Amino acid sequence: MAKLTIRDIDVQGKEVLMRVDFNVPLDDNLQITDDSRILGALPSIKHLLAGGAKLVLCSHLGRPEGEAQEKYSLRPVAKRLSEHLGAAVAFADDTIGDHATTLRSTLHAGHVMVLENTRFDNRETANAPEFSKALAGNAEIFVNDAFGTAHRAHSSTEGVTHFVSQSVSGFLIEKELEFLQDKLASPEKPFVAIMGGAKVSDKIQVIKAMMAKADTFIIGGAMAYTFRLAQGYKVGDSLVEPKFVELAKEILEEAEAKGINFHLPADTRITQEFKPTAVTKVTAPYSDGGEIPDGWEGIDIGAVAIGDFEKVVAGAKTILWNGPMGVFELDNFAAGTKALTAAVAKSDALTIVGGGDSVTAANKFSDASNFSFLSTGGGASLELLEGKTLPGVAALTDKS
Ligand SMILES: Nc1ncnc2c1ncn2[C@@H]1O[C@H](COP(=O)(O)OP(=O)(O)O)[C@@H](O)[C@H]1O
Ligand SMILES: O=C(OP(=O)(O)O)[C@H](O)COP(=O)(O)O
């Protein structure tokens, strides 16, 4: 059932509570190192302010587990938002306390404020009704634009919808669903899914689910070693998740039975040390007997794999990329991710990138404008791709 969106509501003079995902990375000096998620929420914020809303923004930042801590405060985020808007942004020192209540009651139409971190109270993640009710306050309308947190059934994403008249999605959620759900429902073929990174346990189920849609898979990053282990090869000291070797075997068998192209890296860059000056070497291709010796760890794909993957990407009409090819944070381990980023960036296919580190790599080695869409959600995008319902979306008001 379609959900009401920000386009369907009149907000003039009304208090609107909007959940955003301002869970941005901060450095040790509490400086924001990537404000993609703030930029992602701007279209909805500007639209609501232009429509005359009294706009109250709420979000979590990090996992403070119910304890108010300076390092998880949203104050720097409110400041950055103010710079982007070129307008004042009021900041409440608490979430549902006296300061928040006073600021909310004196907020004028066309003005915006930010509440302190919702996770400074454990009732947020417990989805406690009394916390949801207090968060809703006098707001008639709730807008959810926090795609990155839409897979959580918390007070500020789900509970609050029970205490307002209407709950609608914002432009960011709308766009995320358009790319990750609608456009991938019947993708133009060949549809190449590139899966890498380190979170095998999170992503291997996604590979399984996507076998119904993608006709080609490229597997890189640490993910590849669990598959190589499943094929009976030695992977030395590389990162593997032994619990998933059986599932990896099943996936390889299913791919063969269904004629799905499943590309694992032919060769691997390996090291004995995890540091910028580490000596590295590349194994011979597996097909020539190359394996990863004990005491060595795979940290990137090799040159043969890069060439293979570039060819596959060049022939694609739809590409979904989630997870880097290697430990790209270190320059001497980054060649595979760099080459793959360039290949995806120059493709004419529909190119969708999901996952925090993959988006970082796309921005580091290319430019966001070279991709059709960079998702702001890691876990949320994976759950969507797995075919799961996102509680933060399911709770919104149905279109009649
Ligand atoms: N071969 C490898 N061995 C260990 N870590 C790896 C390897 N390849 C990639 N990684 C790491 O995987 C991390 C990203 O994985 P993940 O969180 O799954 O991706 P994303 O954030 O894009 O979803 C990066 O920090 C990268 O250094
Ligand atoms: O950054 C987030 O998730 P992500 O790293 O999976 O994209 C979201 O803000 C959700 O945070 P959470 O995983 O602490 O609930």
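Only this structure's heavy atoms are used, side chains among them; waters, hydrogens and symmetry mates stay out. Every number for a ligand or one of its atoms is a count from 1 in the order of the listing. Values in this document were obtained by computation on a predicted structure and should not be read as measured data.
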Item to check | Residue portion contacting ligand 2 (non-hydrogen atoms closer than 4.0 Å) for His154 | outcome: neither

Checklist outcome for this item: Closest to atom 5 (N) of ligand 1 among protein heavy atoms sits Val327 CG2, 3.7 Å

Next on the checklist: Does the residue Arg119 have a heavy-atom contact with ligand 2, meaning some pair of atoms that are separated by less than 4.0 Å?
Outcome noted: yes

Checklist entry - Which atoms of ligand 1 sit under 4.0 Å from any heavy atom of Ile299? => result 1 (N)

Checklist entry - So which heavy atom in the protein is nearest atom 14 (C) of ligand 1, and how far is it from that ligand atom? => result Asp357 OD2, 3.3 Å

Item to check | Criterion salt bridge (charged side-chain N to carboxylate O under 4.0 Å, His left out) on Glu65 and Arg63, from CA distance to verdict | outcome: CA-CA 5 Å; Glu65 300 188 339; Arg63 293 179 175 174; over 6 Å; no

Checklist entry - Between Ala334, Ser238, Gly326, which one has a non-hydrogen atom sitting closest to atom 10 (N) of ligand 1? => result Gly326

Checklist entry - Tell me, which protein residue and heavy-atom name are nearest atom 25 (O) of ligand 1, and how many Å apart are they? => result Glu329 OE2, 2.5 Å

Checklist outcome for this item: Numbered in order shown, the ligand 2 atoms found under 4.0 Å of a heavy atom of Arg63 are 12 (P), 13 (O), 14 (O)

Checklist entry - Sequence neighbours excluded, which residues qualify as ring-ring contact (aromatic ring centres under 6.0 Å, His included) partners of Phe262? => result Phe217, Phe227

Item to check | For atom 15 (O) of ligand 1, the protein heavy atom that lies nearest, with its residue and separation | outcome: Ala198 N, 3.0 Å

Item to check | Flag for His60-Asp21: side-chain donor and acceptor within less than 3.5 Å | outcome: no

Next on the checklist: For Tyr233 together with Tyr286, are the ring centres under 6.0 Å from each other?
Outcome noted: yes

Checklist entry - Would Glu83 and Arg80 pass as an ion pair if we require N to O under 4.0 Å? => result yes

Next on the checklist: List ligand 1 atoms under 4.0 Å from Asn322, heavy atoms only on the residue side.
Outcome noted: 23 (O)

Checklist entry - Hey, which atoms in ligand 1 end up nearer than 4.0 Å to a heavy atom of Pro324? => result 14 (C), 19 (O), 22 (O)

Checklist entry - CD1/Ile9 to CG/Leu48 distance, rounded to the nearest 0.5 angstrom? => result 6.0 Å

Next on the checklist: With a 6.0 Å cut-off (strictly less than), is the heavy-atom count around NZ of Lys364, excluding the residue itself, greater than 12?
Outcome noted: yes

Next on the checklist: Checking the N or O distance criterion of under 3.5 Å, is ligand 2 in contact with Thr376?
Outcome noted: no

Checklist entry - Going by the atom numbers of ligand 1, which of them fall below 4.0 Å from some non-hydrogen atom of Gly221? => result 1 (N), 8 (N)

Next on the checklist: Out of all atoms in ligand 2, which are within 4.0 Å of some heavy atom of Thr149? Include the element for each.
Outcome noted: 9 (O)

Checklist entry - Are Glu273 and Lys275 ion-paired here, with the side-chain N under 4.0 Å from a carboxylate O? => result yes

Next on the checklist: Can you tell me if Gly378 contacts ligand 1 (heavy atom of the residue under 4.0 Å from the ligand)?
Outcome noted: no

Checklist entry - Is the shortest side-chain N to carboxylate O distance from Asp28 to Lys71 below 4.0 Å? => result no

Checklist entry - Between Arg19 and Glu124, is there a side-chain N and carboxylate O pair less than 4.0 Å apart? => result yes

Checklist outcome for this item: Atoms of ligand 2 under 4.0 Å from any heavy atom of Asn23, numbered from 1 in the order shown, are 1 (O), 2 (C), 8 (C), 9 (O), 11 (O)

Checklist entry - Which ILVMFWY residues are connected to Phe333, directly or by a chain of links, through side-chain heavy atoms under 4.5 Å apart? => result Phe274, Ile299, Val327, Leu330

Next on the checklist: Please list, in number order, the atoms of ligand 2 under 4.0 Å from a heavy atom of Asp21.
Outcome noted: 8 (C), 9 (O)

Next on the checklist: Distance under 4.0 Å to a non-hydrogen atom of Gly378: what atoms of ligand 2 satisfy this?
Outcome noted: 4 (P), 6 (O), 7 (O)

Checklist entry - Given Met195, Lys199, Lys203, which has its nearest heavy atom closest to atom 17 (O) of ligand 1? => result Lys199

Checklist entry - What atoms of ligand 2 come closer than 4.0 angstrom to any heavy atom of Gly148? => result 8 (C), 10 (C)

Next on the checklist: Quick check on atom 5 (O) of ligand 2 - does any protein heavy atom sit closer than 4.0 Å to it?
Outcome noted: no

Item to check | Contact check: Ser358 vs ligand 1, nitrogen or oxygen atoms, below 3.5 angstrom | outcome: yes

Checklist entry - Does ligand 1 have an atom that lies less than 4.0 angstrom from a heavy atom of Tyr225? => result yes

Item to check | Identity and separation of the nearest protein heavy atom to atom 15 (O) of ligand 2 | outcome: Arg152 NE, 2.6 Å

Next on the checklist: Distance under 4.0 Å to a non-hydrogen atom of Gly379: what atoms of ligand 2 satisfy this?
Outcome noted: 4 (P), 6 (O), 7 (O)

Checklist entry - Got an N/O contact under 3.5 Å between Gly197 and ligand 1? => result no

Checklist entry - Taking the six-membered ring for Trp, are His47 and Phe171 parallel (under 30°), tilted (30 to 60°) or perpendicular (over 60°)? => result perpendicular

Checklist entry - Which ligand 1 atoms, with their elements, are less than 4.0 angstrom from a heavy-atom of Gly355? => result 21 (O), 22 (O), 23 (O)

Checklist entry - Does the pair Glu241/Lys243 count as a salt bridge with the N-to-O cut at 4.0 Å? => result no

Next on the checklist: Under a 3.5 Å distance rule, please check whether Ser44 uses its side chain to pair with a backbone N or O of Gly170 as donor and acceptor.
Outcome noted: no

Item to check | Residues Lys258 and Glu254 bridged, charged N to O under 4.0 Å | outcome: yes

Checklist entry - Does even one non-hydrogen atom of His60 get within less than 4.0 Å of ligand 2? => result yes

Checklist outcome for this item: Within 4.0 Å of some non-hydrogen atom of Gly323, the atoms of ligand 1 are 22 (O)

Checklist entry - Nearest to atom 3 (N) of ligand 1, what protein heavy atom do you find, and at what distance? => result Gly298 O, 3.6 Å

Checklist entry - Sub-3.5 Å donor-acceptor pair from the side chain of Asn144 to the main-chain atoms of Gly392, do we have one? => result yes

Item to check | Residues Glu130 and Lys133 bridged, charged N to O under 4.0 Å | outcome: no

